[in-house]
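Written out below as structure tokens is the structure these notes cover.
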Amino acid sequence: MKKLTYLLLILFCLNANAQEFKLGKVSIAELEQKKHPKDTAAVAAILFKKGEVKFQYIQGEGFKVITEVAMRIKIYKKEGYDWANYAIRFLPGTGSIKENVLYSDAVTYNLVDGKIEKTKLKSEGEFEEKMDRYWSRKKITMPNVKEGSVVEFSYRITSNRIGTLREFYFQNDIPVDYVEYKTYVPEYFIYNSKMKGFITPQINIEKSPKSFVITSKERTGSGFNTTTTNFSTDKIEYIETKTTYITKDMPSMKEEAFVNNIDNYTTSLVQELSMTKYPNEPLKPYSTDWDAVVKTIYDNDDFGAELNKTGYFENDLKAVVAGLTTQDEIVSAVLNYVKSTVKWNEYYGYSCNDGVKKAYKDKSGNVAEINLMLTAMLRSAGLKANPVLISTRANGISIFPNHSAFNYVIAAVESNEGLILLDATSKFSTPNVLPFRDLNWMGRLIRKDGTSEEVDLMPKKASNNSVTMVYSVDASGKITGKLRYLRTDHNAMRFRSEIENVKEEDYLEKLENENEKIEIADYKRANEKDVKMPIVETCSFTGANLCEIIGEKMYINPLLFFTKEQNPFKQEVREFPIDYGFPFKDSYTINISIPSGYMIETLPKSTALNMEGNIGAFKFISQTTDNIIQLSISHQINTPIVSADYYSMLKDYYQGMIAKETEKIVLKRI
């Protein structure tokens, strides 16, 4: 009897446990929960997420991929309300590719007077919007959401796009308590599968026989005889592979300083079709290696064929390069011509939409049209130029050969000094100074003969911020000075982009407010339009809140409003690389005149911090001449990407640098 009772108890517990992962079974305990048990700061949490991918054969259409996902989400705080909204991107399709999205079982649960209140999603809470030429988005906004609510919904995506299965995320920027994902793949399809992130799910694989039926019809009879239609059926048998992935208690992904794209390190499954193996047919490979991927892209009419078109620009190009003899002159002239002639329409992609000829005529085009046009012009001008396929930072890092790895294309010129990388979509780009979105580890250069090679996209040359300040302090603590701020390369490009559509008066007002309410006068900006040159700001400034007087002493932060006060690295450990995007050097030359009637009591001592592996260095040099304090300060990072193995060292380095920069000069009244 005891054994029977024990078995019944186990079965009851298992059944109760299973019910937690079914829609419609929200418990009072879940609604009463005020904080996540393992992450008390979480604004929301995914209590469970269950996904399935199945292949369905439809006669006359072939296989379709059916993706079904069910989710239950707990809202803890107002900041988590966004998790009650959900959006799915899909291809509405006008040709062979078409996807359909259907939401269902969408309900918000609240606890009202000890009872569970259900509010179902109505039609006005669901809508569709066009994202760009190809993609649309279907969104839901859950009703009656409050702190403490639990929301549930499921969705179904029907797609004939079998080449790439949708990336499935086990982890997110809120905690995820339980995830179960199952794929049911017929033997006809072989996928490359890759887990991203640092946590591996439990994986179980099972194989089982499956079948589907094909109906065919045959008509008999002729002349005056009655026509008869006979139907026959064929049963197609195959082996299906069921793979189950399970994760529990997944921690939230927290944004940290200098992370390229957090999705690169979030636990997820990526699957790309490698080959098909249909009955009585030979194996058909797809994305077996990078050369195969690149060849497929190059052979597309909207890539290679567009690259080979030249007649539309030849006469104009002759005038652009007339009289130019050196490679650098030709590269700069052609790049500037394309930048000024064709404006980027903000559409990404490595394929042309309307074609290079139309883009040239309309003076507007997508990334591919602009940079394939640039490549073709450089070739016509006698240079060895080729396109380079890349994945932007927002698109993530490619982890295995696949067609969706790339979403962008730039141009490259092969020279004796190495590759010159070019992107004509940005008016502020220059040779080897690409927009920040392009700086994403590696790209793939494609030559005319179909061969390809990996290209390092990360800059080698340091971009500089160079500041010169000369200021004096009077006996009341008021500071009056002059400032010169010079920026080069990527720093200059970033600054030009930031100020492009900002009025000078608005820019200065913001600058004054952000820097202890200083007053700026005599402001000038040099080389704003000449992108080959560093951009330089000069001004004079006064500030009454830049130093502190306590009794007979005056305390001055020598870097004034340039002082770094917080370490950007706050986590105890870090698993992601530190990605700066480009090497840089920040340097400050400062001369300070102290007021008469005061003497220097404390002056920060000179110091130097050097990281191993020549990763970076900090120098602080101080000296005095009469009543003048002279400071030379520099902080440089020599590599664009630092391995997470050096995180502890880097964190200590920043802590030491900040401690030194925040040391105050102490003046004492004589």
Shortest non-hydrogen contact between Val151 and Trp83, atoms and distance
CG2-O, 4.3 Å
Quick one: does Asn527's side chain have a donor or acceptor within less than 3.5 Å of a partner on Pro534's backbone?
yes
Drop me the distance from Ser587's OG to Leu486's CG, to the nearest 0.5 angstrom.
8.5 Å
Would you check if the side chain of Gln630 reaches a backbone N or O of Thr625 as a donor-acceptor pair within less than 3.5 Å?
no
Tyr471 vs Leu546 side-chain heavy atoms within contact, under 4.5 Å:
no
When the ring centroid of His490 is compared with that of Tyr580, is the distance short of 6.0 Å?
no
Glu505 vs Glu509 side-chain heavy atoms within contact, under 4.5 Å
no
Using a 6.0 Å cut-off, check whether atom OH of Tyr646 has over 12 heavy atoms from anything other than its own residue.
no
Between Gln33 and Tyr76, do the side chains contain a donor N or O and an acceptor N or O under 3.5 Å apart?
yes
I'd like to check Glu537 versus Arg487 (side-chain heavy atoms, cut-off strictly below 4.5 Å). Are they in contact?
yes
Any donor and acceptor pair, going by atom type alone, linking the side chain of Gln171 with main-chain N or O of Pro251 inside 3.5 Å?
yes
Ile628 CD1 to Thr624 OG1 distance, which is reported to the nearest 0.5 Å
10.0 Å
Measure from the side-chain N and O atoms of Glu329 to the backbone N and O of Thr325, and report whether any donor-acceptor pair falls under 3.5 Å.
yes
Classify the angle between the aromatic ring planes of Phe198 and Phe576 as parallel (below 30°), tilted (30 to 60°) or perpendicular (above 60°).
tilted
Counting only heavy atoms not in Gln571 (residues, nucleotides, ligands), do more than 12 fall under 6.0 Å from its CD?
yes
Does CD belonging to Glu346 count more than 12 external heavy atoms closer than 6.0 Å?
yes
Got Trp441 and Asn260 here, is their nearest side-chain heavy-atom distance under 4.5 Å?
yes
Do Tyr350 and Asn407 come within less than 4.5 Å of each other through their side chains, counting heavy atoms only?
no
Check step by step if side chain to side chain contact (heavy atoms under 4.5 Å, CB included) holds for Lys660 and Leu609.
CA-CA 10 Å; Lys660 176 53 66 173; Leu609 303 172; over 6 Å; no
Roughly how far apart are Met458 CE and Met442 CE, rounded to 0.5 Å?
9.5 Å
What orientation do Tyr654 and Phe258 show, parallel under 30°, tilted 30 to 60°, or perpendicular over 60°?
tilted
Could you tell me whether a side-chain N or O of Lys196 sits under 3.5 Å from a main-chain N or O of Asp263, the two making a donor and an acceptor?
yes
Write out all pairs satisfying side-chain hydrogen bond (donor to acceptor under 3.5 Å, both in side chains) with one or both partners inside residues 603-618, taking only residues at least two apart or from two chains.
Asn614-Asn638
Would you please classify the geometry between the Tyr348 ring and the Trp344 ring as parallel, tilted or perpendicular, with 30° and 60° separating the classes?
perpendicular
Going from OG1 on Thr425 to CD1 on Ile370, what distance comes out if it is rounded to the nearest 0.5 angstrom?
6.5 Å
Flag if over 12 foreign heavy atoms under 6.0 Å of NZ, Lys460:
yes
Test item: Thr468 side-chain N/O and Arg484 main-chain N/O as donor-acceptor pair under 3.5 Å
no
Show your working on side chain to side chain contact (heavy atoms under 4.5 Å, CB included) between Ile410 and Leu457 and close with a plain yes or no.
CA-CA 11 Å; Ile410 60 173; Leu457 299 170; 4.2 Å; yes
Between Glu500 and Lys427, is there a salt bridge with N-O shorter than 4.0 Å?
yes
Lys194 atom NZ, neighbour heavy-atom count above 12 within 6.0 Å
no
Would a distance-only check, ignoring hydrogens and angles, find a side-chain to backbone donor-acceptor pair under 3.5 Å from Asp489 to Asn464?
no
How far apart are the C-alpha atoms of Leu421 and Val455, what are their side-chain angles, what is the distance that settles it, and do they pass the side chain to side chain contact (heavy atoms under 4.5 Å, CB included) test?
CA-CA 10 Å; Leu421 302 178; Val455 172; 4.2 Å; yes
Could you tell me whether Lys74 and Asp177 make a salt bridge, using a distance below 4.0 angstrom between a side-chain N and a carboxylate O?
no
Verify the neighbour count for atom NZ of Lys517: are there more than 12 heavy atoms of other residues, nucleotides or ligands below 6.0 Å?
no
Does any donor atom in the side chain of Asp423 or Asn371 lie under 3.5 Å from an acceptor atom in the other side chain?
yes
Working to the nearest 0.5 angstrom, can you tell me the gap between Leu650 CG and Met611 CE?
5.0 Å
Within the structure provided, determine whether Arg494 and Phe582 are in side-chain contact (heavy-atom separation under 4.5 Å).
yes
Are any of the side-chain heavy atoms of Lys363 and Lys343 separated by less than 4.5 Å?
no
Scanning both residues in full, the closest heavy-atom pair of Cys539 with Ile520 reads CB-CG2, 3.8 Å
Nearest heavy atoms of Ala644 and Ile578, plus distance in Å
CA-CD1, 4.3 Å
Candidate pair Lys664 and Thr563, rule side chain to side chain contact (heavy atoms under 4.5 Å, CB included), full reasoning:
CA-CA 11 Å; Lys664 297 188 186 309; Thr563 306; over 6 Å; no
Regarding Asp474 and Ser476, do their side chains bring together a donor and an acceptor under 3.5 Å, going by distance alone?
yes
Using every non-hydrogen atom in the two residues, find where Cys547 and Gly477 come nearest and quote the distance to one decimal.
SG-O, 3.0 Å
CD/Glu519: more than 12 non-hydrogen atoms of other groups inside 6.0 Å
no
Can you check whether Ile658's main-chain N or O pairs, donor with acceptor, with Asn567's side chain at less than 3.5 Å?
no
Once you round to the nearest 0.5 Å, how far does CG of Asn545 lie from CG of Asn515?
11.5 Å
Can you tell me if Tyr408 uses its side chain to pair, donor with acceptor, with the backbone of Val388 under 3.5 Å?
no
Do Arg525 and Tyr523 meet the cation-pi criteria used here (NZ or CZ under 6.0 Å from the six-membered ring centre, within 45° of the axis)?
no
How are the rings of Phe541 and Phe561 set relative to one another: parallel (under 30°), tilted (30 to 60°) or perpendicular (over 60°)?
perpendicular
Are the side chain of Asn264 and the backbone N or O of Ile397 linked by a donor-acceptor pair below 3.5 Å?
yes
Taking every heavy atom of Ala475 against every heavy atom of Ile549, the minimum-distance pair comes out as O-CD1, 3.8 Å
Distance-minimising heavy-atom pair for Arg393 and Asn261:
O-ND2, 2.8 Å
Do Pro431 and Leu422 have side-chain heavy atoms sitting under 4.5 Å apart?
yes
Could you check whether atom CG of Asp626 has more than 12 heavy atoms from other residues, nucleotides or ligands sitting under 6.0 Å from it?
no
